[in-house]
Amino acid sequence: MEHRNQTSTLISVQQEDFDPGTEYQQLENSMSVGAITTFTGTVRNLNLGDQVGGLFLEHYPGMTEKALQAIVDEAQQRWTLQAVRLIHRIGQLYPGDRIVFVGVTSAHRKEAFAACEFIMDYVKTRAPFWKKETTPDGDRWVDARDSDQEAAERWR
Amino acid sequence: MEHRNQTSTLISVQQEDFDPGTEYQQLENSMSVGAITTFTGTVRNLNLGDQVGGLFLEHYPGMTEKALQAIVDEAQQRWTLQAVRLIHRIGQLYPGDRIVFVGVTSAHRKEAFAACEFIMDYVKTRAPFWKKETTPDGDRWVDARDSDQEAAERWR
Amino acid sequence: MIKILIFASLREQLGCSQLSLDEGEYPSSLFALKEKLAGKGDQWRAAMTSNRTLVALNQTMIRQDATLHPGDEVAFFPPVTGG
Amino acid sequence: MIKILIFASLREQLGCSQLSLDEGEYPSSLFALKEKLAGKGDQWRAAMTSNRTLVALNQTMIRQDATLHPGDEVAFFPPVTGG
């Protein structure tokens with residue numbers, strides 16, 4: 001597919017915060033677009049009713065980048081995209097902190113929306129990250145959600 | 001519905017450009033979120049194969065704000081949202097210029113994605129804006145697309 | 001008096017962006033108004049009978065018929081293409 | 001030699017994050033490896049027979065069986081919860 005060569009892709013796994021405004025600007029500059037869709041996930045301070053004091057994001061170094069690249073590659077095979085930006089943070093995070101950013105540009109909004117949501121659904125179910133929450137009752141591993149599995153399965 | 005009172009909404013119809021980074025920041029500051037989805041539409045320089053030199057956006061003053069508010073209200077009735085930002089530009093625009101911005105924050109990504117796409121699909125089919133393109137063959141009104149109508153109809 | 005507004009390509013086709021009809025000059029319903037305007041000539045007939053022409057009554061899109069009252073604002077326009 | 005990695009809640013349950021098996025210590029297939037590890041105790045048996053436990057071979061998730069080769073990296077972990 002010729003358009004795959006024209007897609008600009010950047011994937012980062014990092015402890016540092018990122019600036020969505022700057023990321024947005026770079027997406028917009030990357031090419032003559034039409035539609036730009038972004039998703040940012042942040043740490044909520046409530047999960048299943050308990051107060052969350054913090055979150056530790058464990059990952060599988062080495063596999064993480066590979067898994068994210070595979071997800072972005074699949075998005076590029078499914079839709080005609082111009083640029084994709086994917087950032088996932090690791091380590092200790094606190095309520096309000098950003099965790100993940102997905103930015104997609106395409107000539108058409110339907111493709112930009114679909115690819116952005118697809119990437120998030122697949123990151124949630126196929127990328128080796130695990131959250132451990134700090135609550136007043138102690139630390140606990142966050143359980144995988146059936147709703148995330150279902151969200152990913154509708155793309156099959 | 002109680003959550004409607006907690007939703008912060010801002011709608012603008014303006015000739016001036018806007019800064020997506022600033023808009024993003026305000027969405028993020030608006031409340032303790034979880035998911036932030038944004039869509040930005042820009043003027044493409046190719047439409048149906050012809051080179052587009054510019055675009056004039058005519059609108060129906062008075063009805064425009066009302067129509068956009070109705071679309072955002074409906075999104076807030078369908079999903080639990082924290083903040084909605086909608087900007088639509090009018091007047092003379094050029095390739096690469098931003099036309100429209102939709103930002104939605106919600107506790108859950110599925111709702112943020114759905115509401116953002118819903119608002120765009122409805123803006124495309126229910127808000128009184130009309131594009132007139134400048135091409136080498138002269139000015140021409142942009143035709144409404146069946147695909148936009150279909151996109152809007154799937155929300156019924 | 002009611003105010004009639006026409007937008008975009010429809011405005012150009014009809015060569016008219018706005019007209020006012022005084023009491024007695026306009027019928028009691030929206031559909032009757034469309035019929036009356038259709039009588040203004042071939043272009044008007046085409047515009048008023050096309051199922052592509054959208055109608056807004058007091059700045060809200062409407063598909064069914066409605067009673068007209070003094071002060072009403074009726075707008076006719078082609079399918080929208082914003083966003 | 002093959003390397004075995006264990007992550008997150010599974011790592012805590014098994015009290016083990018990494019182990020290596022030398023030539024002759026590991027069987028020729030992934031499924032046989034799971035059976036061998038299941039023999040290490042009740043916790044290991046529970047982990048290796050649970051259909052919630054995910055497996056990656058050389059950093060790619062895999063559901064079917066596969067032949068093991070020297071230098072392979074096998075990882076076991078619970079369902080992922082990033083994003």
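Residue numbers begin at 1 in each chain, while the letters A, B, ... track the order of the sequences. Since we're looking at a predicted model, the values are computed, not measured.
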**Message:** Counting only non-hydrogen atoms closer than 4.5 Å, does Leu5(D) touch chain A with its backbone (N, CA, C, O), its side chain (CB onward), both, or neither?
**Reply:** side chain

**Asked** Checking heavy atoms, do the side chain of Ala8(D), its backbone, both or neither come under 4.5 Å from chain A?
**Response** both

**Prompt:** Distance only, no hydrogens: is a donor on one side chain within 3.5 Å (strictly under) of an acceptor on the other, for Glu25(D) and Ser20(D)?
**Reply:** no

**Prompt:** Does Ile87(A) offer a backbone N or O that forms a donor-acceptor pair with the side chain of Ser12(A) under 3.5 Å?
**Reply:** no

**Message:** Taking side chain as everything from C-beta outward and backbone as N, CA, C, O, which of these in Lys124(A) sits under 4.5 Å from a heavy atom of chain D? Side chain, backbone, both or neither.
**Reply:** both

**Message:** Quick check on Ala67(A) against chain D: is it the side chain, the backbone, both or neither that has a heavy atom closer than 4.5 Å?
**Reply:** neither

**Item:** Residue pair Thr60(D) / Met63(A): nearest heavy atoms and the distance that separates them
**Value:** N-SD, 4.4 Å

**Prompt:** Does Asp72(D) come within less than 4.0 Å of Lys3(D), counting only side-chain N to carboxylate O?
**Reply:** no

